[in-house]
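Since the model is a prediction, treat every value here as computed from it, not as a measurement.
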Amino acid sequence: IDIDELGAAIQKVKTKLKKQEIVAPLGNKSIALPFQEGFVFVNIADIIYCKGDDNYTVFYMQNGEKHIVSKTLKEYERILPSQYFIRIHRSYLIQISYMKKYLKGAGGYVEMSNNDVLPVSRNKKESLLMLMNY
């Protein structure tokens with residue numbers, strides 16, 4: 001374990017937690033997701049998680065809908081509010097409030113509110129566990 005990287009990760013999580021305490025809930029804030037014919041507007045609060053697949057991102061919504069967008073997951077990691085979303089794997093960005101369970105393992109897994117089980121990478125595990133105050 002690199003002590004400097006661990007310290008930086010701890011500071012990042014502390015900063016996110018402080019922001020969470022003072023930031024208003026998502027409410028009705030929406031985001032425009034481009035698709036071939038135009039845009040679909042979705043409420044950010046309804047996004048359970050995003051899955052990156054090369055140059056595409058799939059949005060998994062609370063109502064069961066999926067939206068495929070031709071932008072990378074990294075772009076949406078920058079756009080979506082970091083006090084609500086956390087990157088748990090190179091392919092997954094989740095909304096923390098929809099996380100139901102954490103399952104132990106090398107990196108572990110999270111079970112989301114829609115019962116999807118997503119892997120947590122080893123290098124993201126520590127940040128996630130700290131966020132959960134574990």
Side-chain angles (χ1 to χ4, degrees):
I1 294 176
D2 183 333
I3 298 299
D4 292 334
E5 285 182 4
L6 179 60
I10 290 169
Q11 189 57 45
K12 186 175 179 181
V13 170
K14 283 181 180 179
T15 302
K16 282 185 180 183
L17 290 174
K18 284 180 185 176
K19 284 182 184 177
Q20 274 185 318
E21 293 171 5
I22 60 172
V23 174
L26 282 173
N28 291 324
K29 294 180 184 175
S30 61
I31 185 172
L33 302 179
F35 67 101
Q36 194 170 6
E37 293 84 28
F39 294 91
V40 61
F41 294 91
V42 299
N43 189 329
I44 293 174
D46 293 336
I47 301 169
I48 297 175
Y49 70 93
C50 306
K51 179 181 181 183
D53 187 11
D54 291 325
N55 291 325
Y56 293 90
T57 300
V58 182
F59 286 77
Y60 290 79
M61 307 301 294
Q62 188 178 19
N63 63 5
E65 290 180 357
K66 294 178 188 174
H67 300 286
I68 301 172
V69 179
S70 61
K71 286 188 178 184
T72 65
L73 186 62
K74 187 173 186 169
E75 290 180 65
Y76 286 105
E77 184 179 13
R78 283 186 290 229
I79 293 169
L80 293 169
S82 62
Q83 62 268 33
Y84 300 104
F85 290 85
I86 184 171
R87 187 85 173 251
I88 60 164
H89 187 275
R90 64 180 167 82
S91 299
Y92 294 101
L93 177 67
I94 67 168
Q95 185 164 175
I96 302 159
S97 61
Y98 287 112
M99 189 171 56
K100 253 179 23 176
K101 233 183 250 191
Y102 173 76
L103 308 164
K104 293 180 181 179
Y109 298 88
V110 292
E111 184 176 335
M112 302 304 290
S113 63
N114 64 352
N115 297 320
D116 287 355
V117 177
L118 312 176
V120 177
S121 67
R122 288 181 185 175
N123 63 338
K124 301 290 185 179
K125 179 180 180 178
E126 188 70 30
S127 298
L128 180 63
L129 292 176
M130 290 177 68
L131 187 66
M132 299 180 331
N133 294 319
Y134 184 72

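By the 4.5 Å heavy-atom criterion applied to side chains, His67 and Phe35 are not counted as neighbours. Contact of the Asp53 side chain with the Ser91 side chain is not registered, since no non-hydrogen atoms from C-beta on lie closer than 4.5 Å. Considering only heavy atoms from C-beta on, Cys50 comes within 4.5 Å of Leu80 through its side chain.
Note on Met112: it does not cluster hydrophobically with Val117, by side-chain heavy-atom contacts below 4.5 Å among ILVMFWY residues. Note on Val110 and Ile96: same hydrophobic cluster, where clusters join Ile, Leu, Val, Met, Phe, Trp and Tyr whose side-chain heavy atoms are under 4.5 Å apart, directly or indirectly. Linking Ile, Leu, Val, Met, Phe, Trp and Tyr residues whenever their side-chain heavy atoms come within less than 4.5 Å leaves Leu103 and Leu128 in two separate clusters. Linking ILVMFWY side-chain heavy atoms closer than 4.5 Å, directly or via other members, places Leu93 and Ile79 in a single hydrophobic cluster. Linking ILVMFWY side-chain heavy atoms closer than 4.5 Å, directly or via other members, places Leu129 and Tyr109 in two distinct hydrophobic clusters.
Closest non-hydrogen pair, Pro119 versus Tyr92, comes out as CD-CE1, 3.5 Å. Ile48 approaches Met61 most closely through the heavy-atom pair CD1-O, 3.6 Å. A pairwise comparison of heavy atoms in Leu73 and Arg90 identifies CD2-O, 3.6 Å as the closest pair. When all heavy atoms are compared, the tightest approach of Ile94 to Met99 is CD1-SD, 4.0 Å. The two residues Glu77 and Arg87 have their closest heavy-atom pair at OE1-NH1, 2.6 Å. Nearest heavy atoms, Tyr98 versus Ala45: OH-O, 2.6 Å.
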Stepwise side-chain contact (heavy atoms from CB on, under 4.5 Å) check, Asn63 with Asp46: CA-CA 8 Å; Asn63 63 5; Asp46 293 336; over 6 Å; no
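A ring-centre distance under 6.0 Å is not found for Phe85 and Tyr76.
A distance of 13.5 Å separates OH in Tyr60 from CD1 in Ile47, rounded to the nearest 0.5 Å. To the nearest 0.5 Å, atoms OG (Ser70) and CG (Asn55) are separated by 8.5 Å.
For the pair Gln95 (side chain) and Ile44 (backbone), a donor-acceptor distance under 3.5 Å is present. With hydrogens and angles disregarded, no donor-acceptor distance shorter than 3.5 Å links the side chain of Thr57 to the backbone of Val69. Side-chain atoms of Lys125 come within 3.5 Å of backbone N or O of Gly105 as a donor-acceptor pair.
Asp116 and Tyr49 share a side-chain donor-acceptor pair at under 3.5 Å.
The number of heavy-atom neighbours closer than 6.0 Å to NZ of Lys100, taken from other residues, nucleotides and ligands shown, is above 12.
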